[in-house]
Amino acid sequence: MLLWLRLHQPCASTAGGDRATRPVNLQIPQIPQIPDMETEIHVPVGSPLIRKLPVCVDEHDVIGGALRLIQEVRPAWDLQRVRTKLFTEGITNKLVGCSVDECPGDVVLVRVYGNKTELLVDRDNELRSFQVLHANGCAPHLYCTFQNGLCYEFMEDD
């Protein structure tokens with residue numbers, strides 16, 4: 001389908017010195033309609049359910065909150081032997097790594113969301129994206145979510 005645009009193009013001056021115009025028809029091709037992009041993230045069938053814990057970690061005591069969550073996701077770990085590392089490079093989130101010497105390759109990351117970041121990040125979509133990426137081998141295992149964060153597996157870089 002084509003659209004027609006009628007413009008007026010200047011032509012020679014008239015006797016009174018005014019510039020006259022004459023109509024010009026331009027043929028403009030119609031821009032094809034782009035179909036709506038898919039905006040829903042579809043979690044693969046068979047993906048494990050995400051465990052949701054009714055815990056809220058105090059952003060001023062993330063180590064204590066992380067240890068409380070470790071009791072849930074690693075009940076066999078002796079809390080007295082859990083080593084923690086607070087990562088401070090983040091801008092808004094707080095991140096704690098938890099491990100025990102008996103299982104050095106098993107590190108649980110506890111991420112506490114930054115204050116008011118839910119205004120910028122759709123947390124439901126973030127979780128669905130996490131599940132899709134994990135199902136395709138591109139993200140770590142998500143152990144659980146809690147009221148203001150999530151716990152997931154630490155993956156070594158290749």
Side-chain angles (χ1 to χ4, degrees), residues 1-7 26-158:
M1 174 185 257
L2 297 175
L3 298 176
W4 290 91
L5 181 61
R6 188 171 179 107
L7 299 174
L26 294 176
Q27 187 177 8
I28 302 173
Q30 185 175 358
I31 299 171
Q33 185 173 2
I34 299 171
D36 291 336
M37 291 183 60
E38 181 69 42
T39 57
E40 183 68 26
I41 298 170
H42 300 283
V43 176
V45 175
S47 292
L49 294 176
I50 300 173
R51 188 173 167 198
K52 297 181 183 191
L53 300 177
V55 173
C56 184
V57 174
D58 181 350
E59 66 178 285
H60 301 293
D61 183 25
V62 291
I63 300 290
L67 291 173
R68 200 167 67 213
L69 290 161
I70 288 300
Q71 288 179 305
E72 296 291 329
V73 297
R74 292 291 184 274
W77 286 5
D78 177 2
L79 283 185
Q80 301 301 318
R81 301 183 56 78
V82 174
R83 300 176 74 168
T84 60
K85 177 176 170 128
L86 180 63
F87 296 92
T88 58
E89 294 82 17
I91 296 171
T92 58
N93 296 328
K94 309 261 190 211
L95 186 65
V96 179
C98 302
S99 63
V100 291
D101 289 334
E102 296 80 20
C103 305
D106 186 10
V107 178
V108 176
L109 295 174
V110 177
R111 182 171 78 181
V112 179
Y113 301 141
N115 192 22
K116 302 287 186 196
T117 55
E118 69 278 359
L119 299 174
L120 301 171
V121 178
D122 181 331
R123 297 298 179 195
D124 290 333
N125 268 346
E126 179 185 34
L127 291 177
R128 284 191 293 272
S129 296
F130 210 114
Q131 288 180 287
V132 170
L133 290 169
H134 176 69
N136 289 284
C138 299
H141 180 75
L142 181 60
Y143 299 127
C144 72
T145 64
F146 51 98
Q147 290 175 356
N148 60 332
L150 44 90
C151 297
Y152 55 97
E153 167 188 36
F154 171 76
M155 291 177 67
E156 286 284 341
D157 186 17
D158 289 335

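Hydrogens, waters and symmetry mates play no part in the numbers below; they use all other heavy atoms, side chains included. Please read these numbers as outputs of a predicted model, since none were measured by experiment. Position 1 is the first residue of the sequence, and the numbers go up from there.
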Can you confirm whether [X] sits close enough to [Y] that some side-chain heavy atom of one is under 4.5 Å from a side-chain heavy atom of the other?
{"X": "Asp78", "Y": "Val100", "answer": "no"}
{"X": "Val112", "Y": "Phe146", "answer": "yes"}
{"X": "Val73", "Y": "Val108", "answer": "yes"}
{"X": "Leu109", "Y": "Val96", "answer": "no"}
{"X": "Leu95", "Y": "Thr88", "answer": "no"}
{"X": "Val62", "Y": "Val110", "answer": "no"}
{"X": "Val57", "Y": "Leu69", "answer": "yes"}

Pairs where [range] contributes a residue and the test side chain to side chain donor-acceptor pair (under 3.5 Å) is met, not counting sequence neighbours:
{"range": "residues 105-121", "result": "Arg74-Asp106, Arg111-Glu126, Thr117-Arg123"}
{"range": "residues 47-62", "result": "Arg51-Glu72"}
{"range": "residues 89-99", "result": "none"}

Taking only distance into account, with no hydrogens and no angle test, what donor-acceptor pairs under 3.5 Å do side-chain atoms of residues 129-142 form with protein atoms, sequence neighbours excluded?
{"from": "Ser129", "atom 1": "OG", "to": "Asn125", "atom 2": "O", "distance (Å)": "2.9"}
{"from": "Gln131", "atom 1": "NE2", "to": "Pro48", "atom 2": "O", "distance (Å)": "3.2"}
{"from": "His134", "atom 1": "ND1", "to": "Ala139", "atom 2": "O", "distance (Å)": "3.0"}
{"from": "His134", "atom 1": "ND1", "to": "Pro140", "atom 2": "O", "distance (Å)": "3.3"}
{"from": "Asn136", "atom 1": "ND2", "to": "Val132", "atom 2": "O", "distance (Å)": "2.8"}

One should read off an interatomic distance between Thr84 OG1 and Ile63 CD1, to the nearest 0.5 angstrom, of 3.5 Å
One should read off an interatomic distance between Leu53 CG and Ile50 CD1, to the nearest 0.5 angstrom, of 11.5 Å
For Arg83, the salt bridge (charged side-chain N to carboxylate O under 4.0 Å, His left out) test, sequence neighbours excluded, returns Asp101
query = Are any side-chain N or O atoms of Arg68 and backbone N or O atoms of Cys56, one a donor and one an acceptor, separated by less than 3.5 Å?
reply = yes
Item to check | Leu119 CG: over 12 foreign heavy atoms closer than 6.0 Å | outcome: yes
Across all chains, not counting sequence neighbours, the side chain to side chain donor-acceptor pair (under 3.5 Å) partners of Glu102 are Arg81
